[in-house]
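Throughout, numbering of the chain's residues begins at 1 and tracks the sequence.
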Amino acid sequence: MPRTRTSSSTELLVELRRDDPLPLHSQLERELRDAIRSCRLPDDTVMPSSRALADQLGLSRGVVVEAYEQLVAEGYLSSRPGGATRVCAKATEPSPAAAAPPSPATPEVRIDFGYGRPDVTQFPRQVWLRSIRRVLNEAPSDRLSYLDNRGALELREALASYLNRVRGTAARADQIVICNGFAQALRLVAHVVRASGGTRLAVEDPGQLDAIDAATASGLTPVPIPVDESGIVIEALERSNADAVVLTPAHHFPTGAVLSAERRAALVAWANAHDSLVLEDDYDAEYRYDREPIGAVQGLAPERVIYAGSASKTLAPGLRLGWLIVPNRLVDAIATAKQATDRGSASLEQLAFADFLSRGEFDHHLRRMRPIYRARRDALLAALRRDLPALRPVGASAGLHVIAWLPSGVDEAAVLERAAAAGVRLYGLRQYHSARQKAPGGLLFGYGAVTEAEIDEGIRLVAEAMDGERPGAPQAQAGQSALRVEAAAG
């Protein structure tokens with residue numbers, strides 16, 4: 001039978017066979033030699049002492065000493081009197097035959113207009129550190145154990161207070177389930193819809209690709225519903241026979257449309273009439289510049305609407321903090337699904353965010369960030385007017401991105417390719433439509449994680465990438481009745 005042990009110093013798996021005719025010292029030499037050649041033992045790794053390795057592997061010390069001496073003689077290990085035995089650097093260099101083939105050269109990304117990304121360099125590290133310290137000093141020890149499957153009570157209470165005050169929700173702490181960002185929230189809701197017998201999930205068109213993926217992964221059929229300047233078209237939703245709908249009513253992704261008051265009422269009436277659910281993704285409502293705040297739909301129908309939010313756009317996506325406000329009848333199902341997925345989100349981050357919220361630090365952070373993002377939004381619009389006047393930007397009054405319709409006759413894919421070659425990462429709009437080939441072409445400019453200087457340079461490079469393309473009327477004109485949204489301010 002093979003004897004398998006793991007060295008505590010190197011975490012290296014060493015397999016020795018007592019029934020192998022090869023002597024044990026030769027087996028050990030072979031195992032260590034292979035580990036060094038394959039770089040499982042990296043350069044300059046300190047090997048266990050001969051006595052320690054012998055104890056770990058159940059060998060006599062003489063067997064290990066003999067193996068070490070042979071590998072030193074071969075140049076795989078180095079040793080000096082009174083010092084540690086180490087892996088020689090030259091021994092771990094892969095041979096040309098073993099080296100991986102070079103990957104194709106890709107253009108360096110100099111400027112990234114990626115959407116949905118906050119400026120993580122602005123994360124309030126010192127304030128967050130104070131919250132972490134308070135939590136470590138003051139939180140009861142049981143908060144480091146498994147929590148309630150809905151999440152830490154402190155955070156659920158803080159979120160209910162904040163969301164009711166700022167977003168107009170109707171939430172209680174016992175209705176909130178903490179999750180790992182919106183991505184997990186979406187999967188949990190899709191799972192519960194399918195488990196309750198649902199078969200169809202309506203999604204905005206154009207809209208989030210994540211919603212389609214979550215529907216498909218859960219065994220639901222995604223049903224695209226068109227969006228116009230007033231948000232999702234309720235008449236089409238009525239004809240969809242959907243069991244639930246995912247939408248972004250405060251700031252539609254990607255067009256920036258706001259769901260009108262009339263359609264909000266019609267949406268609630270549809271949910272009541274069809275016994276259906278609404279998943280409201282409130283992904284960036286905290287950032288608004290040229291309009292009054294828009295309240296959450298959840299406040300209109302708490303038993304029909306699941307409200308989803310996260311700290312990914314406001315603080316940092318790396319925190320993986322998200323939340324759902326769930327109708328009473330579904331709280332247990334959602335919380336049970338969450339617990340089955342990962343046994344709950346990290347407790348320290350939850351408690352730190354609860355402290356951060358309760359002390360008003362979150363409000364302060366948002367007040368500090370809004371003028372920064374607004375200045376970047378303004379710089380983007382100015383650069384577009386100056387260098388790309390044929391493009392028509394829309395949806396600029398809130399959020400962290402602007403879309404711009406391309407002139408007719410301009411190939412979206414060609415612009416993206418040329419921009420990438422110039423070092424500018426962009427995203428096209430056709431990928432978010434169900435009928436991609438027929439959809440109007442456009443570009444999505446995220447400005448949350450780029451500086452004003454980078455914006456100026458990036459738009460200039462995009463203009464150069466478009467040089468030579470035939471300009472014309474913006475393509476949005478062709479689908480204006482279905483896709484026109486608020487014009488950019490200024």
Side-chain angles (χ1 to χ4, degrees), residues 163-164 167-171 175 182 185-186 188-190 192-193 196 198-208 210-212 214-215 220-285 288 291-309 323-330 334 395 397-399 432 434 481-486:
L163 295 170
N164 291 345
R167 299 297 301 124
T169 59
Q175 294 177 286
F182 177 71
L186 185 57
L188 292 175
V189 172
V192 168
V193 170
S196 62
T199 59
R200 294 164 68 82
L201 180 68
V203 297
E204 294 171 313
D205 186 22
Q208 304 174 81
D210 286 348
I212 296 173
L220 298 169
T221 300
V223 183
I225 308 295
V227 173
D228 65 17
E229 68 274 10
S230 297
I232 195 167
V233 178
I234 304 300
E235 291 81 1
L237 184 60
E238 289 277 1
R239 298 189 296 268
S240 70
N241 294 320
D243 301 285
V245 60
V246 181
L247 74 167
T248 50
H251 186 232
H252 171 253
F253 179 85
T255 68
V258 177
L259 191 65
S260 67
E262 294 78 12
R263 291 201 184 169
R264 287 171 175 245
L267 175 68
V268 171
W270 166 81
N272 285 325
H274 296 271
D275 193 23
S276 298
L277 278 175
V278 175
L279 176 56
E280 177 180 14
D281 178 11
D282 202 30
Y283 67 105
D284 67 358
R288 57 188 182 277
R291 72 177 191 210
E292 294 300 315
I294 307 296
V297 177
Q298 191 270 350
L300 302 176
E303 287 305 305
R304 290 295 176 191
V305 180
I306 300 176
Y307 175 96
W323 47 87
L324 292 167
I325 306 175
V326 184
N328 289 308
R329 70 185 191 281
L330 294 176
I334 294 286
S397 65
Y432 302 106
S434 59
S481 62
L483 295 170
R484 183 179 59 216
V485 296
E486 58 198 290

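- Remark: side-chain polar atoms of R264 are paired, donor with acceptor, to backbone N or O of L259 under 3.5 angstrom.
- With R263 contributing its side chain and I234 its backbone, the two residues share no donor-acceptor pair below 3.5 Å.
- To the nearest 0.5 Å, atom CZ of residue F253 and atom OH of residue Y283 are 6.5 Å apart.
- Remark: the backbone N or O of A170 is paired with a side-chain donor or acceptor of Q298 at under 3.5 angstrom.
- Residues P254 and G207 come closest through the heavy atom pair CD-N, 4.2 Å.
- Under the 3.5 Å distance criterion, the side-chain polar atoms of H252 are matched with a main-chain donor or acceptor of P206.
- Counting all heavy atoms, side chain and backbone alike, V258 lies closest to A250 at CG2-O, 3.6 Å.
- Partner of V246 under the side-chain contact (heavy atoms from CB on, under 4.5 Å) criterion, out of L201, V189, V278: L201 alone.
- Side-chain atoms of D243 come within 3.5 Å of backbone atoms of T199 as a donor-acceptor pair (strictly under, hydrogens ignored).
- We find the CG-CG distance between L279 and L324 to be 7.0 Å, quoted to the nearest 0.5 Å.
- Minimum interatomic distance between E204 and L247 (heavy atoms only, all atoms of both residues): OE2-CB, 3.3 Å.
- In terms of heavy-atom proximity, S276 sits nearest to A242 at OG-O, 3.3 Å.
- Note that OG of S397 and NE2 of H251 are 6.0 Å apart. Values are rounded to the nearest 0.5 Å.
- Nearest heavy-atom pair across L220 and A190 is CD1-O, 3.6 Å.
- For the atom pair L330 CG and I306 CD1, the distance stands at 5.5 Å (nearest 0.5 Å).
- Between L186 and D210 the shortest heavy-atom distance is CD2-O, 3.4 Å.
- Side-chain atoms of R167 never come within 3.5 Å of backbone atoms of G299 as a donor-acceptor pair (strictly under, hydrogens ignored).
- Residues R304 and N272 are in side-chain contact: their nearest non-hydrogen atoms beyond the backbone lie under 4.5 Å apart.
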task = Please step through side-chain contact (heavy atoms from CB on, under 4.5 Å) for the pair L237 and L267, ending with a clear verdict.
result = CA-CA 9 Å; L237 184 60; L267 175 68; 3.8 Å; yes
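- For N164 and T169, the side-chain atoms include at least one donor-acceptor pair closer than 3.5 Å.
- To the nearest 0.5 Å, atoms CG (D205) and CD1 (I212) are separated by 7.5 Å.
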